[in-house]
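Below: one structure, written as structure tokens.
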Amino acid sequence: MREPSKNCRLGILISGRGSNMIALADAVGQGQIPGAEIALVISDKSGAAGLARASERGLKTLVIERDGRSREDHELQTIGALDEQKIDLVCLAGYMRLLSRYFVESYRGRILNIHPSLLPAFPGLAAQRQALDHGAKWSGCTVHFVDETLDGGPIVAQSIVPVLDDDTEESLSARILEQEHRLYPEAVALIVSGQYEVVGRRVLSNR
Ligand code: GAR
């Protein structure tokens with residue numbers, strides 16, 4: 001748990017559209033995540049649409065390209081940028097990279113991710129497609145702490161949506177995304193408040 005009195009500096013990592021990053025920025029702007037500020041948005045792709053959206057809102061952005069270099073080199077630079085900005089909490093928001101043990105260790109218990117399925121069902125890529133292909137009747141999204149496993153860290157919050165008979169990957173993704181934009185700020189607010197404890201794999205709210 002963190003000290004509730006300290007201002008919490010968020011670092012958001014994106015790879016694409018950045019709608020979850022915008023949802024977090026809106027929530028911070030509207031005072032829904034008390035004590036938090038967005039100190040840095042990092043993209044591993046220079047072409048990420050989310051970068052322009054972040055800049056439009058006056059957020060500090062940084063591109064740390066992954067292509068053409070080793071994973072270790074890329075991660076070291078990313079961790080260096082987070083450290084330099086004294087980031088307290090890292091929020092992965094459509095960041096399509098698996099973090100190494102070293103990265104996770106550097107920010108142990110201080111990295112969150114949002115995933116478009118009800119974990120532990122359908123980890124990895126194309127979670128909405130996986131849910132449809134499996135014939136699931138319900139799906140949703142999960143905010144969880146990041147550990148060394150693929151989408152496997154302790155679950156902070158979940159939201160469910162129905163899978164309809166006429167759903168396509170696009171329609172299901174849109175229904176889940178609407179929930180993501182509500183759930184991620186809520187979950188970040190809980191973690192920033194420090195009013196939780198992790199018991200084994202369970203994240204318990206003391207609110
Ligand atoms: C979101 O649906 C997010 O849950 C998913 O990528 C999308 C990013 O959208 N993340 C993953 O699949 C991670 N495994 P956004 O860039 O508009 O936030």
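When a ligand or atom number is given, it counts from 1 through the structure's own listing order.
Taking 4.0 Å as the cut-off between side-chain N and carboxylate O, R53 and E56 do not count as a salt-bridged pair.
Listed by number with element, the atoms of ligand 1 under 4.0 Å from a non-hydrogen atom of E180 are 1 (C), 2 (O), 3 (C), 4 (O). For ligand 1, the atoms closer than 4.0 angstrom to any heavy atom of S19 are 15 (P), 16 (O), 17 (O), 18 (O). If you number the atoms of ligand 1 from 1 as listed, the ones under 4.0 Å from a heavy atom of G94 come out as 6 (O), 8 (C).
Counting non-hydrogen atoms of neighbouring residues, nucleotides and ligands closer than 6.0 angstrom, the CD atom of E178 reaches no more than 12 such neighbours.
Of all protein heavy atoms, the one closest to atom 16 (O) of ligand 1 is G18 N, 2.8 Å. Atom 7 (C) of ligand 1 has as its closest protein heavy atom R17 NH2, 4.1 Å. Scanning the protein heavy atoms around atom 12 (O) of ligand 1, the nearest turns out to be P116 CD, 3.4 Å. Of the protein's non-hydrogen atoms, the one nearest atom 13 (C) of ligand 1 is M96 SD, 3.9 Å. At the top of the distance list for atom 14 (N) of ligand 1, counting protein heavy atoms only, stands H115 ND1, 3.3 Å.
Once rounded to the nearest 0.5 Å, the distance linking SG of C91 with CD1 of I114 reads 10.0 Å.
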Apply side chain to side chain donor-acceptor pair (under 3.5 Å) to residues Y107 and D83 and explain how you reach the verdict.
CA-CA 10 Å; Y107 277 80; D83 288 349; 2.5 Å; yes

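The closest approach between a heavy atom of A127 and any atom of ligand 1 is not below 4.0 Å. Residue contacts with ligand 1 do not include I14, since none of its heavy atoms lies under 4.0 Å from the ligand.
Just one of E72, E75, E148 meets the salt bridge (Lys or Arg N to Asp or Glu O under 4.0 Å) condition when paired with R101; it is E148.
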